[in-house]
There are 2 protein chains.
Amino acid sequence: MILKIIINKMNQENITKKLRNWEQTLTTTGSRLTAPRKAILEVIAHASQPLTPIEVFDLAREKVPNLGLVTVYRTLDKLTDLGLVSRVHGHNDCQTVFRAASSHQHLLICTNCGTSVYFDGLDAEERFDQIGRTHGYQVDGHWLQLYGLCADCRTE
Amino acid sequence: MILKIIINKMNQENITKKLRNWEQTLTTTGSRLTAPRKAILEVIAHASQPLTPIEVFDLAREKVPNLGLVTVYRTLDKLTDLGLVSRVHGHNDCQTVFRAASSHQHLLICTNCGTSVYFDGLDAEERFDQIGRTHGYQVDGHWLQLYGLCADCRTE
DNA sequence: GTGCTTGCAAATTCTTTGCAACTTT
DNA sequence: AAAGTTGCAAAGAATTTGCAAGCAC
């Protein structure tokens, strides 16, 4: 499998800050900060796109060579439970992970390279509630993702 | 596994019409109308919620007892290719199928019983394009699903 | 030291493929 | 009769579980 170079557009400072937050969340919830976990956290924090478990595995293995795939699965479960990462369902892979959104944010995903960014400011909650009401539903959640070519892929 | 009674809120006439359309699409594209396929089509046409391959299998088997699960997978692939059914990614099952939307429609899914309806009239395309532009993306697709309790589940 | 984690191997679950027999048209 | 389809069995892929050894705190 080809893994493209992964460079997050967040600056290094923000990534470091996020990593510290994640590590703190782990320790304060009674979990332990091990080398495998640190490697996995770093991979996800630096990722500019949702990653499959195997991709996380391959990338994290560069730092922890004897890492087991099972550990990746278990760590991803834990991070998801803690709300640090989100499962992203794409059209191809439906089990990828990406750093979790801040709040009311949604993903904008490049259909060519996968590079993703969160956006907010849609402010459609009220509209969603209204739509639900007309069908007898009480809307309490939504799931929105936009797809399209990013600037880099368009100029290629 | 417990399969709840599945009653589509479309009236019988509409379901029959849709079934005829589907069957016609199959025959006109060179595919054949076999007993297994008819059973599968009926199950999906009558479903009020997205179904997993196994659920389709179990329900269709009531009509074609010696149906093989493989046939379900292959038929679902074909129906998806023809655009008759859509893959629906839920929070739990991400490989379920549901009759395809007419156009610019999105799903409203009950988080308790799974009963789903399509809605339209959101008219957010322009807003989506705009959001994409501010991030350098050229938006060419979106994926939206609303979640909430349906009227029946709320009164329970 | 205690209790959470890890990696290995094995078990499950889900989906796809090969193929001879069988339908549909 | 020709061509698409089916079901079985087997193969592959993806994910989970059991467990003894290893670490973090």
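Naming: A, B, ... by sequence-line order, numbering from 1 per chain.
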Query raised in the report: So does B:Thr75 get a side-chain nitrogen or oxygen closer than 4.0 Å to the phosphate oxygens (OP1/OP2) of D:dT5?
Result: no
Report summary line: note: B:Glu55, atom CD; C:dT15, atom P; distance rounded to Å ~ 12 Å
Report summary line: Atom CG of B:Asn66 and atom C1' of C:dA21 are separated, to the nearest Å, by 13 Å
Query raised in the report: Should we count CZ of A:Arg154 as having more than 12 external heavy atoms under 6.0 Å?
Result: yes
Report task. Please report, rounded to the nearest Å, how far the P atom of D:dT17 is from the OH atom of A:Tyr73. Result -> 13 Å
Query raised in the report: Between atom CG in A:Leu69 and atom C1' in C:dA10, what is the gap in whole Å?
Result: 15 Å
Requested in this report: Check the distance between C:dT12's P and B:Ile54's CD1 and give it to me in whole angstrom.
Outcome: 17 Å
Report task. Using a cut-off of strictly less than 4.0 Å, decide whether B:Lys78 has a side-chain nitrogen or oxygen near OP1 or OP2 of D:dT5. Result -> yes
Report summary line: Looking only at C:dG7, D:dT5, D:dA9, the nucleotide nearest the B:Val70 side chain is D:dA9
Query raised in the report: Between B:Arg37 and D:dT5, does any side-chain N or O lie under 4.0 Å from OP1 or OP2?
Result: yes
Requested in this report: Please figure out whether B:Leu26 or A:Thr27 has its closest DNA chain D nucleotide nearer the 5' end.
Outcome: B:Leu26
**Report entry** A:Asp120 CG to B:Ile131 CD1 distance, which is reported to the nearest 0.5 Å
**Finding:** 9.0 Å
Query raised in the report: Where the side chain of B:Pro36 is defined as all heavy atoms beyond and including C-beta, which of C:dT15, D:dT6, D:dG4 is the nearest nucleotide?
Result: D:dT6
Query raised in the report: Does B:Arg74 get its side chain close enough to the base of D:dG4, under 3.5 Å, for a donor-acceptor pair?
Result: no
Query raised in the report: Do other residues, nucleotides or ligands put more than 12 heavy atoms under 6.0 Å from the CD atom of A:Gln130?
Result: yes
Report task. Starting at atom CG of A:Asp93, determine the distance to atom P of D:dA13, rounded to an integer number of angstrom. Result -> 15 Å
**Report entry** Euclidean distance, A:Tyr137 OH relative to B:Thr111 OG1, rounded to 0.5 Å
**Finding:** 9.5 Å
Query raised in the report: Nearest-Å distance, CZ (B:Phe57) to C1' (C:dC14)?
Result: 13 Å
**Report entry** A:His89 and A:Gln145 side chains, donor-acceptor separation under 3.5 Å
**Finding:** no
Query raised in the report: Can you check whether B:Thr71 has a side-chain N or O nearer than 4.0 Å to OP1 or OP2 of D:dT5?
Result: no
